[in-house]
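To start, the structure under review is shown below, and the notes come after it.
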Amino acid sequence: MQIVHSQYRGSREIEHVGSAHTDADLELLKAVARQRLAAGQGELDLRLAGSPANSGAALPITSTRAGHLLDALARGYDTLGFPAATGRDEVFRALVLARIIEPTSKLDSLRVLDEAGAPAPSYRTVKRRLRLYAGADDVDETGQPVPVDPAGGPWRARLARACADHVRLGTATLLLYDVTTLYFETDQGDGFREPEFSKERRLEPQITVGLLTDGAGFPLTVHAFEGNRAETTTMLPVLTGFLTEHGLSDVTVVADAGMVSEANKCAIEEAGLSFVLGARVPDVPYQVKAWREAHPNLEIPDGHVFVQPWPAGPSDQRRDHTIFYQYRADRARRTLRGIDQQVTKAENAVAGKTAVKRNRYVRLTDAKKSVNRALEAKNRALAGIKGYVTNLPDPDAEQVIATYSRLLNVEKSFRMSKSDLAARPIYHHTRESIEAHLTIVFAALAVSRWIENTTGWSIRRFVTTARRYRTITIQAGDHTITAADPLPDDLQTVLDAIHGTH
């Protein structure tokens, strides 16, 4: 194929007049095609290396950043007042944001930050500052202690003060308390990590963690205790320390029955505090018995509440108490199903069909096995009944029960810390490093709850969604080009809410 060039209206024209074919001819054809496509359009001279025909070469990406995610998390961190509480410690800030983005080890957190496009400290710096986050004094570059402002207190206490300021603690504040356990993959206890009853049904050494929140489940303080410490002995140190720190004299404490011993209840009263507590119901209450006697062959109405006043005696150093017993049909159904299953297993064990295992309904008397029918009858009579006790004046049953139901918010915070933030300190072995880890998780939990409260999204959904949309910087010759993925409407809406532009 031969190519003959002619001018027509300022453009090259191609006429096919032969059959000879070369690579140069093909390149010329491509150049003419590009000229035709770009006719009448302006051209930006990017001064790219190589020939003009090199426009198909990939341009280098010089940086990429998950800017929407990082900026949103930083917004929550700043809104909670954590920069001032931590002396604008950028290492701590980086570890908190990395914990929310992708919970992993401290060493791997540097990789998370790098992939997100955030500046990452050196691992040596991280290790050096962990003792500070655990509550020790600060140290300089040479390892010498640097005095901390006495008014600031330990690191976690200053974070707790910032959280308390954020929720505007006052006399009407609800304080919710609960505990959980975090286990370690080791078979040796060390006085702090010790084996005991585990909420996760584990046999390994563990620690006990107590969390105090406001009524919405926003974290206010967290404390770690020995793994073999009784749950009932953890509440008072956390509560009294928090009240003293913030100068509170009249709040309402809400806790489950498992957290409260009689001594705890008396101590709360002596401090002049109000409470709404779960009440143990070992036997069928008198009010329930009386109702059933007066209404034979009838089921208690769903949601019915029995009220038992418990006035203080002349020598009692307490307020009047009120106990509410609520019956819920759904609760009774679940309890009765469990009783049926346990009784069936007990009957099989007594009949010799299965081995005797731990079962409350199997009674052993002089090596004889029998089914404990009295216990079965009592538990069936108690099915669906839950107790609540309060020392609030003139309490309303619906309000008291609704207040107690807010403990679900603490459980939600624990679930978030265990799943979304991977609170279990599997990479830590000393108490100092464990305490530092919990401080980081505490701050990350506060930022996560702020994101959820502000957007209505779960923290997992927000991180997973926002992480995909990045800002990319491309180098094109002497020019730097910034490109970004367009945001979907729902993500743009929550980002507007976070940054206060909605």
Side-chain angles (χ1 to χ4, degrees), residues 73-97 99-100 129-138 146-178 209-225 234-254 271 273 409-410 413-414 416-417 421 423 432 434-454:
L73 297 181
R75 172 72 171 178
Y77 188 93
D78 294 345
T79 301
L80 295 176
F82 286 169
T86 61
R88 304 195 178 280
D89 188 300
E90 292 301 324
V91 177
F92 184 78
R93 180 193 187 101
L95 292 175
V96 171
L97 266 57
R99 173 65 39 180
I100 300 173
R129 296 192 68 78
L130 283 181
R131 65 184 307 274
L132 173 63
Y133 308 150
D137 291 336
D138 199 357
V146 176
V148 177
D149 179 8
W155 196 273
R156 198 185 302 165
R158 283 180 279 166
L159 293 172
R161 190 176 302 118
C163 291
D165 293 340
H166 174 72
V167 301
R168 295 183 175 88
L169 285 181
T171 55
T173 300
L174 291 177
L175 294 181
L176 314 181
Y177 182 77
D178 204 353
V209 178
L211 178 65
L212 191 69
T213 77
D214 73 344
F218 190 85
L220 297 176
T221 188
V222 65
H223 282 259
F225 299 93
T234 65
M235 186 172 73
L236 277 182
V238 174
L239 187 59
T240 55
F242 185 83
L243 296 178
T244 302
E245 177 72 21
H246 300 281
L248 298 175
S249 58
D250 187 13
V251 296
T252 301
V253 180
V254 186
L273 304 178
N409 292 327
V410 187
S413 290
F414 271 135
M416 286 176 58
S417 63
L421 303 178
E432 184 177 80
I434 292 171
E435 294 282 6
H437 172 77
L438 290 178
T439 301
I440 294 169
V441 171
F442 171 70
L445 177 60
V447 175
S448 298
R449 290 306 300 253
W450 184 87
I451 291 288
E452 293 195 344
N453 295 341
T454 303

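Computation of the quantities below employed the complete heavy-atom set of this structure, encompassing side-chain atoms and omitting hydrogens, waters and symmetry-equivalent molecules. It should be emphasised that the depicted structure is a prediction, and the values quoted were computed from it without experimental measurement.
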Worksheet item: Looking at residues at least two apart in the chain, or sitting in another chain, which of them share a side chain to side chain contact (heavy atoms under 4.5 Å, CB included) with Ala271?
Response: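 So Ala271 forms a side chain to side chain contact (heavy atoms under 4.5 Å, CB included) with Leu273.
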
Discussion item. I need the full list of side-chain hydrogen bond (donor to acceptor under 3.5 Å, both in side chains) pairs touching residues 234-244, with sequence neighbours left out, sorted by first then second residue.
Written reply: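 Every side-chain hydrogen bond (donor to acceptor under 3.5 Å, both in side chains) pair that includes a residue of residues 234-244, provided the two are not neighbours, is Tyr177-Thr234.
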
Response to the item:
Hits for side-chain hydrogen bond (donor to acceptor under 3.5 Å, both in side chains) against Asp78, two or more places apart or cross-chain, chain-then-number order -> Arg93

Practice prompt. For Arg449, enumerate each residue passing the side-chain hydrogen bond (donor to acceptor under 3.5 Å, both in side chains) test, keeping only those at least two apart in sequence or located in another chain.
Written response: Ser413

Minimal non-hydrogen separation, [X] against [Y], with atom names:
| X | Y | result |
| --- | --- | --- |
| Ser448 | Met416 | CB-CE, 3.6 Å |
| Asp89 | Tyr77 | O-OH, 4.4 Å |
| Arg161 | His246 | CA-CE1, 3.6 Å |
| Val209 | Phe414 | O-CZ, 3.8 Å |

Quiz: residues 216-224 side-chain donor-acceptor pairs under 3.5 angstrom, not counting sequence neighbours:
none

For residues 437-445, please give each side-chain donor-acceptor pair under 3.5 Å, one per line with the distance, not counting sequence neighbours.
from: His437; atom 1: ND1; to: Lys106; atom 2: NZ; distance (Å): 3.0
from: His437; atom 1: NE2; to: Ala423; atom 2: O; distance (Å): 2.8
from: Thr439; atom 1: OG1; to: Tyr133; atom 2: O; distance (Å): 2.9
from: Thr439; atom 1: OG1; to: Arg156; atom 2: NE; distance (Å): 3.0
from: Thr439; atom 1: OG1; to: Arg156; atom 2: NH2; distance (Å): 3.3
from: Thr439; atom 1: OG1; to: Glu435; atom 2: O; distance (Å): 3.0

Worksheet item: With sequence neighbours left out, what residues match Phe225 under ring-ring contact (aromatic ring centres under 6.0 Å, His included)?
Response: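 Not a single residue meets the ring-ring contact (aromatic ring centres under 6.0 Å, His included) criterion with Phe225.
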
To the nearest 0.5 Å, tell me how far [X] [atom1] sits from [Y] [atom2].
| X | Y | atom1 | atom2 | value |
| --- | --- | --- | --- | --- |
| Asn409 | Asp178 | CG | CG | 11.5 Å |
| Thr213 | Leu211 | OG1 | CG | 6.0 Å |
| Thr173 | Arg168 | OG1 | CZ | 11.5 Å |

Item to complete: Might you work through the side chain to side chain contact (heavy atoms under 4.5 Å, CB included) test for Phe242 and Leu248, ending with a clear yes or no?
Response: CA-CA 8 Å; Phe242 185 83; Leu248 298 175; 4.1 Å; yes

Discussion item. Assess the residue pair Val96 and Phe82 against the criterion (side chain to side chain contact (heavy atoms under 4.5 Å, CB included)); give the C-alpha distance rounded to whole Å, side-chain angles, the decisive distance to 0.1 Å, and a yes or no.
Written reply: CA-CA 11 Å; Val96 171; Phe82 286 169; 5.8 Å; no

Worksheet entry | Pairs meeting criterion salt bridge (Lys or Arg N to Asp or Glu O under 4.0 Å) with involvement of residues 213-223, two or more places apart |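 Listed by first then second residue: nothing to list.
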
